[in-house]
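Below is one structure, written out as structure tokens, with a few remarks after it.
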Amino acid sequence: MTLDTKLIHAGQEPDPVTGAVNVPINVSSTFKQDGIGQMRSGYEYARSGNPTRNSLEATLAAIENGGFAKAFASGLAAENTLLSLLHSGDEVVGTSDIYGGTYRLLTKVFPRFGVTFRAVNGHNPADFKKQLSSRTRLIWVETPTNPLLNLVDIASIAELKPKNVLLAVDNTFASPYFQTPLDLGADVVVHSATKYLSGHSDVIGGALVYKDKALDEEIRYLHNAQGGILSPFDSYLIQRGIKTLGVRMKRHEQTAWKVAEFLRGHSKAEKVFFAGFEDHPGAAVAKKQMRGQPGLVSFVLKGTKSDVNRFFQSLKLFTFAESLGGVESLTCYPYEMTHGSIPAEVKDKIGITDRLIRLSVGLEDANELIEDLKSALK
Ligand SMILES: *Cc1c(COP(=O)(O)O)cnc(C)c1O
């Protein structure tokens, strides 16, 4: 099946009992057993397995070209379980311009258990290589990065890493519609399903997707042991969202191009970040590993922090709020919102300044979105 067909059909067969075309929301926390050790269908207790969640997991595995997937209560719950594969003394290597919550887990929570984080300077595979040590067990890649949309070459990093090091790629921004890291040599794909996968800003969820059977045994064990599972209703919502991922991503991309070009031509935008631009430093990598660009555009406003605030308050269609990837256009202030938990000196170094604005371009009419930006900039 092609991706467009998988989005609708993979893991989503009609219900064998009733013929229901949509996967039922199965809320049972427990399942009758016919005798000691005699389960009817493999289900016993819904933390370890639930039919609605399993169905979503089958869809996720199929659309990321993995063999296995696990769905979690949030993107960070998925990351927490992935990092729990590590032991005291192990090290994670990744760039500093990652999602603020990921940075917090890596620098504040896991060091308590002896798992440390080494930050890479830059985004070239060679920069990653320099930071690897005999203690490195995991490489963490976000591409395009949040919010500066830097590109990291997944295949090159997969090639240079030692065999015993796992390569995890946070694919939240590109979504499987535009990028499938497992095809490029990554070992694990991480998702905040809260964003493009669900697509309607009405659910918090996360996922891990991977190919390896031995890895599945470890992750399946931790998923149940730690219990950060996704609820049946949220599983349903995310699966429902995935059905329209293709049409949404194409439209997000089209409108993001128009918005990015409009901003590039506007005198109040000092610098525009959009990974689709030919002169973007990662343009060649984008061409190589992505099938398109998500609806994310960031820019630096000419002026002061208070001008930035006035800009946010003047917008009518773009809602000033955290998050991204929904049908509605959002804008946020990474410096104090998504990246608030990153120290100021790190933010300054990587270019997340107090005049940086991130847009998540939604599915509204492109001209009306541009009019909204134009009048707020004025
Ligand atoms: C939102 C986000 C996360 C965290 O996911 P939650 O669902 O909010 O826990 C991780 N990575 C990226 C890139 C994100 O945008």
Side-chain angles (χ1 to χ4, degrees), residues 56 60 64 69-84 92 94-110 117 123 138-152 154 168-179 181 186 188-209 223 226-231 234-235 237-238 241-242 249 252 273 275 290 293-298 321-326 330-334 337-342 350 352 356 358-362:
L56 168 67
L60 289 167
E64 281 287 1
K70 285 281 151 224
F72 292 83
S74 68
L76 286 181
E79 297 184 12
N80 183 54
T81 288
L82 178 59
L83 292 171
S84 300
V92 181
T95 59
S96 343
D97 59 339
I98 46 180
Y99 178 71
T102 307
Y103 190 85
R104 184 171 52 205
L105 262 188
L106 288 169
T107 59
K108 293 281 196 289
V109 181
F110 274 84
F117 176 62
H123 301 88
L138 184 72
I139 298 176
W140 195 282
V141 165
E142 215 180 278
T143 181
T145 64
N146 181 12
L148 294 172
L149 307 169
N150 287 305
L151 272 287
V152 180
I154 299 169
V169 177
D170 184 331
N171 205 27
T172 301
F173 267 36
S175 93
Y177 202 72
F178 286 149
Q179 176 172 281
V188 186
V189 162
V190 181
H191 270 290
S192 169
T194 311
K195 317 292 167 53
Y196 283 114
L197 287 178
S198 65
H200 294 73
S201 305
D202 54 5
V203 57
I204 300 277
L208 298 177
V209 193
H223 189 232
Q226 295 182 317
I229 53 150
L230 190 68
S231 80
D234 291 341
S235 299
L237 281 177
I238 293 170
I242 286 173
M249 294 314 288
H252 283 302
F273 302 88
M290 300 182 78
Q293 289 302 321
L296 291 152
V297 182
S298 297
E322 305 249 7
S323 205
L324 62 104
L330 299 178
T331 182
C332 86
Y333 186 55
M337 292 165 80
T338 52
H339 291 64
S341 48
I342 296 182
I350 57 190
I352 300 175
L356 182 73
R358 188 188 76 193
L359 305 175
S360 171
V361 176

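First listed ligand is number 1; within each ligand, the first listed atom is number 1.
Note: no N/O pair closer than 3.5 Å links Leu324 and ligand 1 by distance alone. The shortest N/O to N/O separation between Gly75 and ligand 1 falls below 3.5 Å. Note: no N/O pair closer than 3.5 Å links Thr102 and ligand 1 by distance alone.
Distance check, rounded to the nearest 0.5 Å: CD of Gln226 to OG1 of Thr81 gives 4.0 Å. If you take CG on Leu330 and CD on Glu322, they are separated by 10.0 Å, rounding to the nearest 0.5 Å. The structure places OG1 of Thr143 at 13.0 Å from CD1 of Ile98, a figure rounded to the nearest 0.5 Å.
The protein heavy-atom contact nearest to atom 4 (C) of ligand 1 is Tyr99 CE2, 3.4 Å.
Listed for the Ser198 side chain is a donor-acceptor partner under 3.5 Å among the backbone atoms of Ala193. With Glu142 contributing its side chain and Tyr99 its backbone, the two residues share a donor-acceptor pair below 3.5 Å. Under the 3.5 Å distance criterion, the side-chain polar atoms of Ser341 are left unmatched by any main-chain donor or acceptor of Arg104. Within the 3.5 Å criterion, the main-chain N or O of Ala71 finds a donor-acceptor partner in the side chain of His223.
Listed by atom number, the atoms of ligand 1 under 4.0 Å from Ser74 heavy atoms are 7 (O), 9 (O). In summary, the atoms of ligand 1 found under 4.0 Å from a heavy atom of Gly205, numbered by their order in the structure, are 7 (O). Shown in contact with Asp170 at under 4.0 Å from a heavy atom are these atoms of ligand 1, numbered in order with element: 10 (C), 11 (N), 12 (C), 13 (C).
When the heavy atoms of His191, Lys195, Glu79, Glu142 are ranked by distance to atom 2 (C) of ligand 1, first place goes to Lys195.
Under 4.0 Å from ligand 1, heavy atoms of Leu76 appear from its side chain as well as its backbone.
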